[in-house]
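Quick caveat, the model's predicted, so the values are computed rather than measured.
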Amino acid sequence: MSERVPGESRGRYHPLLGTNVDVRVTAEAASRDEAVALASRAEDAAVAEMVRLQAIFSIHEPGSELSRWRRGDPVEASDELAEVLAAAERWWRLSGGAFHPAVGSLFERWGRAEREGVEPPAAELDALVAGLAELPFRADGDAIVRVGDCSGVNLYAIAKGFIVDRAVAVALAAAGV
């Protein structure tokens with residue numbers, strides 16, 4: 001059996017939901033050139049998976065699945081969106097509400113305060129926080145049920161890890177990686 005030689009993909013930054021991800025893949029093959037080619041193909045596949053999933057979870061793209069779901073458009077949640085929403089609900093429960101995927105209204109209000117240079121009134125903040133006592137959705141088996149206003153749902157905190165895990169799995173499934 002001939003010795004296998006390692007080779008690394010060129011590595012590059014890829015924007016992922018507002019964060020840069022450095023992608024590097026190492027593969028082994030009979031020659032360095034072949035190993036680099038395998039690594040590059042695996043890297044391309046991993047980045048393609050990140051792009052595909054980002055298109056589901058973006059809140060800045062009005063046509064993304066999450067954006068349409070947040071607006072209340074008739075959307076049957078994909079397996080990926082349902083899985084991340086269920087995980088968000090789970091972490092909300094486990095953290096006693098410290099992790100909250102629907103703080104968009106509070107985030108937007110503080111952003112406006114920053115732009116205006118005026119702190120929001122305490123009563124307004126209290127009202128916004130009171131609205132966060134429950135989640136506006138729940139996972140019910142494989143279905144995600146909307147039970148309130150979901151316009152403030154932002155899954156970036158949990159979706160980024162989900163996307164990276166999926167991209168790694170795609171790269172690791174490639175020959176020689």
Side-chain angles (χ1 to χ4, degrees), residues 13-23 44-116 119-174:
Y13 284 103
H14 180 77
L16 174 63
L17 301 176
T19 301
N20 285 330
V21 177
D22 185 16
V23 180
D44 290 344
V47 169
E49 181 68 353
M50 286 192 302
V51 168
R52 182 185 78 79
L53 292 170
Q54 180 169 264
I56 292 172
F57 295 106
S58 175
I59 61 169
H60 299 292
E61 295 296 326
S64 77
E65 185 179 342
L66 179 57
S67 290
R68 290 178 292 128
W69 181 84
R70 286 171 21 133
R71 285 192 306 266
D73 294 355
V75 174
E76 185 173 329
S78 64
D79 291 344
E80 294 90 351
L81 181 57
E83 183 176 339
V84 173
L85 284 166
E89 178 187 29
R90 178 175 178 264
W91 285 110
W92 176 79
R93 289 190 191 289
L94 288 173
S95 72
F99 170 79
H100 202 301
V103 295
S105 59
L106 195 57
F107 184 79
E108 287 171 18
R109 182 57 186 102
W110 276 108
R112 193 172 96 220
E114 181 181 30
R115 288 188 303 278
E116 295 170 351
E119 189 171 319
E124 183 182 356
L125 292 175
D126 289 345
L128 288 170
V129 169
L132 298 173
E134 296 296 327
L135 282 183
F137 64 89
R138 72 175 191 278
D140 188 10
D142 290 337
I144 302 298
V145 179
R146 298 170 58 93
V147 293
D149 176 9
C150 292
S151 63
V153 172
N154 179 334
L155 299 173
Y156 284 14
I158 198 165
K160 290 175 186 182
F162 174 84
I163 293 170
V164 168
D165 286 348
R166 292 288 180 98
V168 168
V170 165
L172 287 173

Student: Measure the spacing between CD of E119 and CZ of R109 and express it to the nearest 0.5 Å.
Tutor: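 Going from the CD atom of E119 to the CZ atom of R109 covers 9.5 Å.
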Student: If you look only at pairs with a residue in residues 149-174, which of them pass as a salt bridge (Lys or Arg N to Asp or Glu O under 4.0 Å), with sequence neighbours excluded?
Tutor: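 Qualifying pairs: E83-R166.
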Student: Which pair of non-hydrogen atoms, one from A46 and one from A171, has the smallest distance, and what is that distance?
Tutor: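 Scanning both residues completely, I find the closest heavy atoms to be CB-CB, 4.1 Å.
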Student: Tell me whether the count of non-hydrogen atoms from other residues, nucleotides or ligands lying under 6.0 Å of CD in E61 goes above 12.
Tutor: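 No.
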Student: Would you say that E134 contacts V147 through its side chain, given a criterion of any heavy-atom pair below 4.5 Å between the two side chains?
Tutor: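 Contact flag for E134/V147 side chains = no.
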Student: Please examine the side chains of S78 and I56, heavy atoms only from C-beta on, and report whether any two atoms are closer than 4.5 Å.
Tutor: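 Heavy-atom side-chain distance check passes, below 4.5 Å.
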Student: Given side chains that start at C-beta, do those of V84 and L66 come closer than 4.5 Å, heavy atoms only?
Tutor: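 Result no, sub-4.5 Å side-chain heavy-atom pair not found.
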Student: With distance as the sole test, does R115 use its side chain to make a donor-acceptor pair with the main-chain N or O of G111 at under 3.5 Å?
Tutor: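 Yes: the side chain of R115 pairs with the backbone of G111.
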Student: Rounded to the nearest 0.5 Å, what separates atom CD1 in I163 from atom OH in Y156?
Tutor: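 Rounded to the nearest 0.5 Å, the CD1-OH separation comes to 9.0 Å.
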Student: Please lay out, stage by stage, how L53 and L16 fare under the test side chain to side chain contact (heavy atoms under 4.5 Å, CB included).
Tutor: CA-CA 10 Å; L53 292 170; L16 174 63; over 6 Å; no
Student: Which pair of non-hydrogen atoms, one from A86 and one from I144, has the smallest distance, and what is that distance?
Tutor: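 Scanning both residues completely, I find the closest heavy atoms to be N-CD1, 4.2 Å.
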Student: Please evaluate residues L85 and V153 with respect to the criterion side chain to side chain contact (heavy atoms under 4.5 Å, CB included), reporting the C-alpha separation (whole Å), side-chain torsions for both, the decisive distance (0.1 Å), and the verdict.
Tutor: CA-CA 9 Å; L85 284 166; V153 172; 4.3 Å; yes
Student: For the residue pair R71 and S67, establish whether any side-chain heavy-atom pair is separated by less than 4.5 Å.
Tutor: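 Side-chain contact under 4.5 Å: yes.
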Student: Does E116 have more than 12 heavy atoms from other residues, nucleotides or ligands lying within 6.0 Å of its CD?
Tutor: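 Yes.
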Student: Does the side chain of W69 reach to within under 4.5 Å of the side chain of L81, using non-hydrogen atoms?
Tutor: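 They are in side-chain contact.
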Student: Between the side chains of R68 and E65, is the shortest nitrogen-to-carboxylate-oxygen separation below 4.0 Å, so that they form an ion pair?
Tutor: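 Answer for the salt bridge query: no.
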Student: Could you tell me whether E89 and R93 have a side-chain N and a carboxylate O separated by less than 4.0 Å?
Tutor: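 Salt bridge: yes.
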Student: Tell me whether W91 at atom CH2 has more than 12 heavy atoms from other residues, nucleotides or ligands lying less than 6.0 Å away.
Tutor: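 Open.
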Student: Grab the two heavy atoms, one from F99 and one from A88, that are nearest each other, plus how far apart they are.
Tutor: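 F99 and A88 have their closest heavy atoms at CE2-O, 3.7 Å.
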Student: Looking at every heavy atom in both A55 and S64, which two are closest together, and how far apart are they?
Tutor: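 It is O-CB, 3.1 Å.
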Student: Walk me through it: do V103 and N154 pass the test side chain to side chain contact (heavy atoms under 4.5 Å, CB included)?
Tutor: CA-CA 7 Å; V103 295; N154 179 334; over 6 Å; no
Student: Please report the interatomic distance CG(L17) to OG(S58), rounded to the nearest 0.5 Å.
Tutor: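 If we round to the nearest 0.5 Å, L17:CG and S58:OG are 6.5 Å apart.
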Student: Is there a side chain to side chain contact (heavy atoms under 4.5 Å, CB included) between L106 and H100? Walk through the geometry before answering.
Tutor: CA-CA 11 Å; L106 195 57; H100 202 301; over 6 Å; no
Student: Quick check: do R70 and F137 have side-chain heavy atoms less than 4.5 Å from each other?
Tutor: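 No, side chains not in contact.
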Student: To the nearest 0.5 Å, what is the distance between CH2 (W110) and CG (L128)?
Tutor: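 Taking CH2 in W110 and CG in L128, the distance rounds to 10.5 Å.
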